[in-house]
Amino acid sequence: MKVLVVGNGGREHALAWKLLQSNKIEQVVCVPGNGGTATMERCQNLPLAVDDFEGISQFALKNTISLVVVGPEVPLANGITDYLQNQGLMVFGPVKAGAQIEASKAWAKALMQEAGVPTAKAAVFTEAAAAKSYVRAEETPIVVKADGLAAGKGVTVAQTIQEAETAIDAIFQGQFGSAGNFVVIEECLLGQEISVLALTDGLTIRPLLPAQDHKRIGEGDTGENTGGMGAYSPTPIATPELMARVQTEVLDRTLTALRNRGIDYRGILYAGLMVAPDGEFQVLEFNCRFGDPETQVILPLLETPLEDLMLACIQQRLEKMPPIAWKPGSAATVVASSGGYPGDYEKGQVITGIEEAEATGATVFHAGTKLNTTEQIVTDGGRVLNVTGLGEDFQQAIAQAYAGIKNIQFSGMYYRRDIGHRVLKTDL
Ligand code: AMP
Ligand code: GLY
């Protein structure tokens, strides 16, 4: 099989890496890919934009691509799956109608309320004055969200009414473009966030190992929100009892509600949950894709060939598949980012030490990197590399990730020293 992976992050490098472990996969083409996918054996990059549906389709048809795997939410929300399927291609990722579950928080909230999925109390507004008067009548902290896709930047957890009002104004004044046509105001939930990614073929839905990421830039989970600075799996707070409840109260109910709306949702359904100290949980958000960096810790633990699971989803035969098999032990990943991220940062810094990092046993997934004209790997984004470690337990997995990352250098490089602090007794 030849597989085409759409996207250029650490998630897509991990997807390509995992697919290439199967002897059924002859080649992976990444569109547009990064420095890691450019240099991996049997993998190549194709310099097309992720929204060039026609270009991707023409290439896939001409090169007998058997499976297209879509990483990011933006092309899914714009209907890449519908387009490519109409050309006769096999695509892993939901159709446009299904991707609304991530692309519109108001739509997802209505679906959850209708389906009886536990979620925070919320209200939706189309203009600032009504949103502000609602906020004034509520308690702080309160959460203000732009409705649409905003690259993870559309959510403000406001500590004061003033902060909430500023966030409302920013959204309605167009800071997030059409993503800000609606504002969702939500009760603030406390606890630990977990990510449950599930595979579905529209009829059956099965969770992957639960993961936890570190969203904040600073140690001790402080500072600005980022795309994710590290992750680990399987997270111990997602006990078998909790996962059984997530299956019935979140995954099954959501899939039924999607079907009731006439949506045949096949691909990944990712539930972001807040687990309160008393063990109760609520859904914060749904994503229509693999998480990043969660994928970089989930896939290294996956034993079942990934393409078998993806094809079973596309061909609606997930129920007949044997249970998903996992390697024992734990995985952890530490993200190396460009100085200044999540604010402004420089690109083009030469990266050294990747081979040395891998020689320690760690796996290095590239995110914002590229090969420059002199064949050097240079930085090309905010989150640059993910160094993943595996071990019998979290202690070992995290130690391997840190032993690996210590070899890597580039100007301005930053990483958190406390990834996994919740599952370790002491920080590294
Ligand atoms: P979302 O894109 O809706 O997941 O929001 C991004 C991040 O904002 C989440 O991962 C949480 O850290 C935070 N967040 C979102 N909704 C809430 C909420 N209701 N209470 C507390 N934090 C939230
Ligand atoms: N790590 C969070 C996300 O992928 O949305």
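Every number for a ligand or one of its atoms is a count from 1 in the order of the listing. Only heavy atoms go into these numbers, but all of them, side chains included; no hydrogens, no water, no symmetry mates. Here the structure is a predicted model, which is why all the values come from computation and not from measurement.
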Ligand 1 versus Lys105: contacting region, heavy-atom distance under 4.0 Å: side chain
Side chain to side chain donor-acceptor pair (under 3.5 Å) involving Ser233 - partner list, sequence neighbours excluded: none
With Gln400 via side chain to side chain donor-acceptor pair (under 3.5 Å) - residues at least two apart: none
Measure the distance from [atom] to every protein heavy atom, then report the residue, atom name and distance (to 0.1 Å) of the closest one.
atom                    : answer
atom 6 (C) of ligand 1  : Val155 CG2, 3.8 Å
atom 3 (O) of ligand 1  : Lys145 NZ, 2.9 Å
atom 21 (C) of ligand 1 : Leu189 O, 3.3 Å
atom 4 (O) of ligand 1  : Glu285 CD, 2.7 Å
atom 19 (N) of ligand 1 : Glu186 OE2, 2.7 Å
atom 11 (C) of ligand 1 : Glu193 OE2, 3.1 Å

Min heavy-atom dist Gln282 to ligand 1 below 4.0 Å: no
Side chains of Ser22 and Glu307, donor plus acceptor under 3.5 Å: yes
N-O pairing of Glu186 and Lys109 below 4.0 Å: yes
Pairs where residues 382-411 contributes a residue and the test salt bridge (charged side-chain N to carboxylate O under 4.0 Å, His left out) is met, not counting sequence neighbours: Asp292-Arg383
Options Leu149, Asn225, Leu284, ranked by nearest heavy atom to atom 7 (C) of ligand 1, top entry: Asn225
Candidate with minimal heavy-atom separation from atom 18 (C) of ligand 1, of Val283, Val143, Thr156: Val143
Lys215: numbered ligand 1 atoms lying under 4.0 Å from its heavy atoms: 10 (O)
Ligand-residue contact atoms, ligand 1 with Cys188, heavy atoms, under 4.0 Å: 20 (N), 21 (C)
Cation-pi geometry met for Arg417 and Tyr415 (6.0 Å, 45°): yes
Test log, rule side chain to side chain contact (heavy atoms under 4.5 Å, CB included), inputs Leu199 and Ile268: CA-CA 5 Å; Leu199 285 164; Ile268 289 282; 3.8 Å; yes
Aromatic ring pairing Phe92/Phe290, orientation class (parallel under 30°, perpendicular over 60°, tilted between): tilted
Separation of Lys121 NZ from Leu189 CG (nearest 0.5 Å): 12.0 Å
Spatial distance of atom CD1 (Ile398) from atom CD (Gln396) [nearest 0.5 Å]: 11.0 Å
Heavy-atom side-chain proximity of His214 to His421 below 4.5 angstrom: yes
Heavy-atom donor-acceptor pair, Thr333 side chain to Val387 backbone, under 3.5 Å: yes
First-shell residues of ligand 2 [heavy atom, distance under 4.0 Å]: Asp213, Lys215, Gly227, Tyr270, Asn287, Arg289, Gly291, Asp292, Pro293, Glu294
